[in-house]
Enquirer: 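Below is a structure I'd like to ask you about.
Start at 1 and go down the list; that is how both ligands and their atoms are numbered.
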Amino acid sequence: MKQTVQTKSGRYEIIIEKGAFARLAEEIAPIVGEGRLFVVTDDTVDGLYGDALRNHLSGMDVHYLVLPHGEGTKSLSHLSQIYSELALADMTRTDTLLAFGGGVIGDLAGFAAATYLRGIRYIGVPTTLLSQVDSSVGGKVAVNLPEGKNLVGNFYPPARVIIDPELLKTLPERVFNDGMAEVIKYGAIRDEALFTMLEGDISDKMEEIIHRCVDCKRRIVENDEFDTGERMVLNFGHTFGHVMEQLYHYQKYTHGEGVAIGMKRITRKTEEMGLTRPGTAQRLETLLKKYDLWFDESGFDRDAAMKTLFLDKKGSKDCIRYVIIEEIGNAVIRPFPKQDTFLID
Ligand SMILES: NC(=O)c1ccc[n+]([C@@H]2O[C@H](COP(=O)([O-])OP(=O)(O)OC[C@H]3O[C@@H](n4cnc5c(N)ncnc54)[C@H](O)[C@@H]3O)[C@@H](O)[C@H]2O)c1
């Protein structure tokens with residue numbers, strides 16, 4: 001399956017196919033041309049797929065850089081390391097960078113590509129479910145600062161994205177389920193048929209599921225590439241999810257787990273308020289349980305949560321805008337008075 005994303009600076013293709021990794025050289029050839037390739041990956045992905053990758057790219061002139069895995073790698077120091085290695089390898093604007101890994105490698109290598117020599121081509125080959133359905137689409141690239149996540153970044157579309165669902169088979173269950181939270185989110189906000197599919201047996205449906213998620217994100221980012229409007233619906237469950245992640249210093253819940261808690265919480269509340277069709281929260285909760293995304297978060301510190309929430313939304317004056325679902329597949333953005341603490345209560 002192939003999708004084309006139209007951006008202000010041009011268009012790029014996303015290829016979603018089982019076995020696309022084995023055909024990598026062929027898939028990237030139109031982008032790389034006669035130039036050289038600079039691959040950035042992490043040590044876990046390299047341990048699992050490095051030999052196969054070198055084998056698939058054996059006919060090309062390739063420079064490899066393997067970084068440690070984990071969020072800590074999305075840092076200025078690793079960014080600086082990539083710049084130095086690019087320079088030492090004499091990479092020029094006719095060469096291409098390829099990010100082979102999860103969202104950490106994609107965001108970091110994408111930002112390096114966006115800025116090195118004022119921008120060189122890059123190709124994304126995402127290897128986690130989260131990166132296949134979310135971070136590799138939409139052109140947001142970034143690194144973290146000690147002061148906060150994603151504080152330095154850019155909008156820089158890739159030249160091509162190649163997604164092979166087969167690569168997901170080696171993911172630890174918790175990392176897979178982390179991505180499932182975003183998959184469930186797409187179903188909840190825009191695609192009821194996807195949501196229904198997730199309620200059944202998905203074992204041989206990953207390609208179709210990824211395709212539907214990418215299609216959903218593609219349509220939203222094409223309408224709002226620079227995140228000034230509609231793109232906000234992608235944040236369904238994220239406001240309270242961020243609060244949970246931050247309250248426990250990113251140690252207790254993964255990002256997806258935070259989003260799952262956020263989606264459950266806001267939908268239960270909006271259903272009680274009569275803003276969401278009755279039965280929706282129950283359906284969402286049953287699906288979250290199926291993918292081990294069900295948590296009892298009730299023991300959190302309410303004062304600290306309130307502070308974190310208002311810090312997160314400090315730009316808004318009298319009201320806070322939340323993404324809610326009126327029913328499965330239909331998200332809307334709705335303002336709530338700032339003093340309304342319904343998410344915390
Ligand atoms: N740019 C965007 O639009 C966007 C959107 C969402 C998230 N993000 C960013 O994505 C990052 C999180 O991405 P992530 O969840 O992919 O994390 P990650 O890149 O850290 O990957 C998670 C773990 O899985 C391992 N791994 C990767 N592929 C594997 C495979 N096929 N088999 C086994 N193990 C594998 C990695 O080595 C890592 O240890 C965060 O930094 C977040 O800010 C960006």
Enquirer: For the residue pair F38 and H63, does the interplanar ring angle fall in the parallel (under 30°), tilted (30 to 60°) or perpendicular (over 60°) class?
Expert: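 F38 vs H63 ring planes: parallel.
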
Enquirer: Run down the list T127, L67, D46 and name the one with the heavy atom closest to atom 28 (N) of ligand 1.
Expert: T127

Enquirer: If you measure from CZ on R231 to CZ on F226, what distance do you get to the nearest 0.5 Å?
Expert: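 Taking CZ in R231 and CZ in F226, the distance rounds to 9.0 Å.
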
Enquirer: From atom 29 (C) of ligand 1, work out which of V141, L171, L48, V133 has a heavy atom at the shortest distance.
Expert: L171

Enquirer: Should V104 be counted as touching ligand 1, given the test is an N or O pair under 3.5 Å?
Expert: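 There is such a contact, yes.
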
Enquirer: Can you find an N or O of R231 that's nearer than 3.5 Å to an N or O of ligand 1?
Expert: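 Checking ligand 1 against R231, no N or O pair falls under 3.5 Å apart.
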
Enquirer: Near T170, which atoms of ligand 1 are under 4.0 Å from a heavy atom of that residue?
Expert: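 In order of number, 30 (C), 31 (N), 32 (N), 33 (C).
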
Enquirer: Under 6.0 Å from the CG atom of D204, do we count more than 12 heavy atoms belonging to anything else shown?
Expert: yes

Enquirer: I want to know if ligand 1 touches G101 in the polar sense, i.e. an N/O pair below 3.5 angstrom.
Expert: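 In this structure, G101 places no N or O atom under 3.5 Å from an N or O of ligand 1.
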
Enquirer: For ligand 1 and S131, I'd like to know whether there is a polar contact (N/O to N/O, distance under 3.5 Å).
Expert: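 So ligand 1 has no N or O lying under 3.5 Å from an N or O of S131.
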
Enquirer: For ligand 1, which atoms sit closer than 4.0 Å to a heavy atom of N150?
Expert: 43 (O)

Enquirer: Can you figure out which of V143, D107, T254, T41 has its heavy atom closest to atom 44 (C) of ligand 1?
Expert: D107

Enquirer: Only heavy atoms count here, so choose which of G70, G103, G72, G256 is nearest to atom 17 (O) of ligand 1.
Expert: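 The nearest heavy atom belongs to G103.
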
Enquirer: Quick one: does H69 get an N or O within less than 3.5 Å of an N or O on ligand 1?
Expert: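 By distance alone, the answer is no.
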
Enquirer: Considering only heavy atoms of K217, which atoms of ligand 1 have at least one such atom less than 4.0 Å away?
Expert: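 Reading through ligand 1 atom by atom, the close ones are 3 (O).
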
Enquirer: Where the closest heavy atom to atom 24 (O) of ligand 1 is concerned, which of L130, T128, V259, D178 has it?
Expert: T128

Enquirer: Can you find a heavy atom in the side chain of R121 that is under 4.5 Å from one in the side chain of R93?
Expert: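 A side-chain contact under 4.5 Å is absent here.
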
Enquirer: Out of V137, D43, D42, who is nearest to atom 36 (C) of ligand 1 when you count heavy atoms only?
Expert: D42

Enquirer: Both conditions, 6.0 Å and 45 degrees, for the charged tip of R283 above the ring of F195: are they met here?
Expert: no

